[in-house]
Amino acid sequence: MSSLLTNSTAMTALQTLRSVSSQLSTTQTRISTGQRVSTASDNAAYWSIATSMRADNAALSAVSDSLCLSAATVDTEYTALTTVIGDKDSGLTKLQSLLVEAKTAGIDRSKIQADVTQIQQQMKATANAATFNGINWLSTTATTPTTFSLVSSYSRVGGTPTIGSITVTTANYSLYTSAQGGILDTAGSTAPSIDTMSISALTDSAADQTTLDGYIAQVTAGINSVASAAANLGAVKNRLSTNTDFVKSLMDSVDRGIGQLVDADMNQESTRLSALQVQQQLGVQALSIANNSSQSILSLFR
């Protein structure tokens with residue numbers, strides 16, 4: 001029957017138009033945000049997982065920054081150690097050759113001592129300058145921590161986060177300490193410390209030649225100790241570099257995982273948008289036709 005109060009056709013058209021408008025709004029939101037799940041109401045489970053993974057990625061980003069800072073610190077200390085080892089013209093290597101030269105009979109050891117003193121001062125200056133961000137492992141004081149923890153990784157299993165670190169023991173790299181306990185300022189059993197040894201007063205006597213042998217042995221041991229410390233730092237440096245690359249790759253992997261959960265398929269959304277826009281236009285026309293149908297009732301009363 002024809003009813004003036006109840007226009008079922010218009011009601012059906014209105015419901016369809018409302019549904020199309022709702023879907024169109026959802027599609028436009030996905031296109032504007034680029035996400036299929038942008039709020040918890042879209043998909044509570046996926047939204048929760050994506051939020052946790054974004055937090056993990058932020059922590060990994062902090063680890064990446066920390067690794068870069070640690071790498072810079074280690075590189076500074078490593079560079080100073082290799083400088084202290086030196087070559088034929090500098091450092092412990094040059095000092096060793098000078099002491100061997102000092103065993104020559106009749107040589108002027110006071111002139112050699114002038115070179116020795118310059119090398120000693122240069123090595124100490126190098127150790128003092130090996131500071132990055134206020135940290136110096138080569139020239140330490142009573143307030144220098146005995147160990148340093150370099151953050152290297154972050155992981156989370158369930159609700160339990162785990163932060164990995166590389167522990168560096170300061171004593172393994174200290175060349176000079178406030179208590180004269182470093183590699184270069186510790187006295188040996190038969191010789192003074194490398195930092196304080198002097199040959200200017202030595203002569204060609206057998207006793208002084210034996211003393212020189214002790215000095216040479218002391219410097220040789222120092223070279224081995226500093227080389228071992230540099231090798232240790234080189235290994236730490238390589239580990240930090242490897243971890244840095246891994247953390248960056250892991251962050252990219254997490255980003256891809258989040259994308260698979262919440263990102264919108266723009267090709268699909270573009271197709272859906274076009275279809276819904278046509279449906280909306282048709283819905284408006286259908287509602288207009290349904291509303292106009294009540295006008296035909298007037299013809300019954302003419």
Side-chain angles (χ1 to χ4, degrees), residues 62-63 65-86 90-96 98-99 113 115-153 163-200 211 214-240 243:
V63 170
D65 293 340
S66 179
L67 283 168
C68 291
L69 181 61
S70 298
T73 302
V74 170
D75 190 55
T76 299
E77 308 304 320
Y78 174 81
T79 300
L81 284 176
T82 54
T83 301
V84 168
I85 294 173
S90 64
L92 290 171
T93 303
K94 176 65 173 177
L95 179 59
Q96 184 183 51
L98 288 173
L99 293 178
Q113 179 59 40
D115 282 340
V116 169
T117 300
Q118 292 301 317
I119 291 173
Q120 290 170 329
Q121 293 175 352
Q122 181 58 45
M123 290 191 300
K124 194 160 191 175
T126 299
N128 290 335
T131 301
F132 186 87
N133 193 33
I135 295 175
N136 190 325
W137 299 338
L138 307 190
S139 182
T140 62
T141 65
T143 59
T144 302
T146 56
T147 60
F148 287 87
S149 293
L150 310 179
V151 175
S152 61
S153 64
I163 300 174
S165 62
I166 300 172
T167 301
V168 173
T169 303
T170 311
N172 293 338
Y173 311 104
S174 297
L175 302 182
Y176 304 92
T177 70
S178 55
Q180 285 77 50
I183 296 173
L184 300 185
D185 62 357
T186 299
S189 57
T190 59
S193 69
I194 295 174
D195 184 45
T196 59
M197 63 175 53
S198 174
I199 63 171
S200 57
T211 298
Y215 286 9
I216 294 171
Q218 179 86 337
V219 172
T220 300
I223 291 174
N224 292 335
S225 296
V226 176
S228 177
N232 259 340
L233 279 186
V236 173
K237 185 178 177 181
N238 285 337
R239 182 177 174 185
L240 289 172
N243 279 13

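We count residues from 1, following the sequence as given.
Using modelled atom types, no side-chain atom of Asp75 and backbone atom of Ala71 make a donor-acceptor pair closer than 3.5 Å. Under the 3.5 Å distance criterion, the side-chain polar atoms of Ser70 are matched with a main-chain donor or acceptor of Ser66. For the pair Thr144 (side chain) and Thr141 (backbone), a donor-acceptor distance under 3.5 Å is present. In terms of modelled atom types and a separation under 3.5 Å, the side chain of Ser228 and the main chain of Asn224 share no donor-acceptor contact. Side chain of Thr131 to main chain of Gly134: no donor-acceptor pair is present (N/O by atom type, distance under 3.5 Å, no hydrogens or angles). Under a 3.5 Å cut-off, the side chain of Asp185 and the backbone N or O of Ser193 do not form any donor-acceptor pair. A distance-only check finds a donor-acceptor pair linking the side chain of Thr93 to the backbone of Ile85 [under 3.5 Å].
Nearest heavy atom pair, residue Asn136 against residue Ala127, reads ND2-O, 2.9 Å. Contact between Thr186 and Gly181 at its shortest, heavy atoms only, is OG1-C, 3.0 Å. The two residues Ile194 and Val219 come nearest to each other via the heavy atoms CD1-CA, 3.9 Å. Scanning all heavy atoms of the two residues, the minimum distance from Met197 to Gln120 falls at O-NE2, 2.9 Å. Smallest separation of non-hydrogen atoms from Ala191 and Tyr215: CB-CD1, 3.7 Å. Taking both residues in full, the closest heavy atoms of Asn232 and Tyr173 are given as CB-OH, 3.6 Å, listed atom of the first, atom of the second, then distance.
A distance of 6.0 Å separates NZ in Lys237 from OG1 in Thr79, rounded to the nearest 0.5 Å. In this structure, Asp195 CG and Leu175 CG are separated by 10.0 Å, a value rounded to the nearest 0.5 Å. Taking CG of Leu98 as the reference point, atom CD1 of Ile216 lies at 10.5 Å (rounded to 0.5 Å). Put simply, OG on Ser174 and CD1 on Ile183 are 7.5 Å apart, with the number rounded to the nearest 0.5 Å. Distance CE/Met123 to CG/Leu184: 5.5 Å, rounded to 0.5 Å. The distance from atom CG of Leu67 to atom CG of Asn243, rounded to the nearest 0.5 Å, is 6.0 Å.
Side-chain contact between Trp137 and Leu233: present, with at least one pair of heavy atoms (C-beta onward) separated by less than 4.5 Å. Taking 4.5 Å as the limit, every side-chain heavy atom of Ile119 sits out of range of all side-chain heavy atoms of Ser90. The shortest distance between side-chain heavy atoms of Leu150 and Val74 falls below 4.5 Å. Inter-residue side-chain proximity for Thr146 and Thr169 is flagged as unmet; no heavy-atom pair is nearer than 4.5 Å.
Residues Gln121 and Thr117 have side chains that never bring a donor and an acceptor to within less than 3.5 angstrom of each other.
Within 6.0 Å of OH on Tyr78 lie no more than 12 heavy atoms contributed by other residues, nucleotides or ligands. For Leu69, the CG atom is densely surrounded, since the number of other residues' heavy atoms within 6.0 Å is greater than 12.
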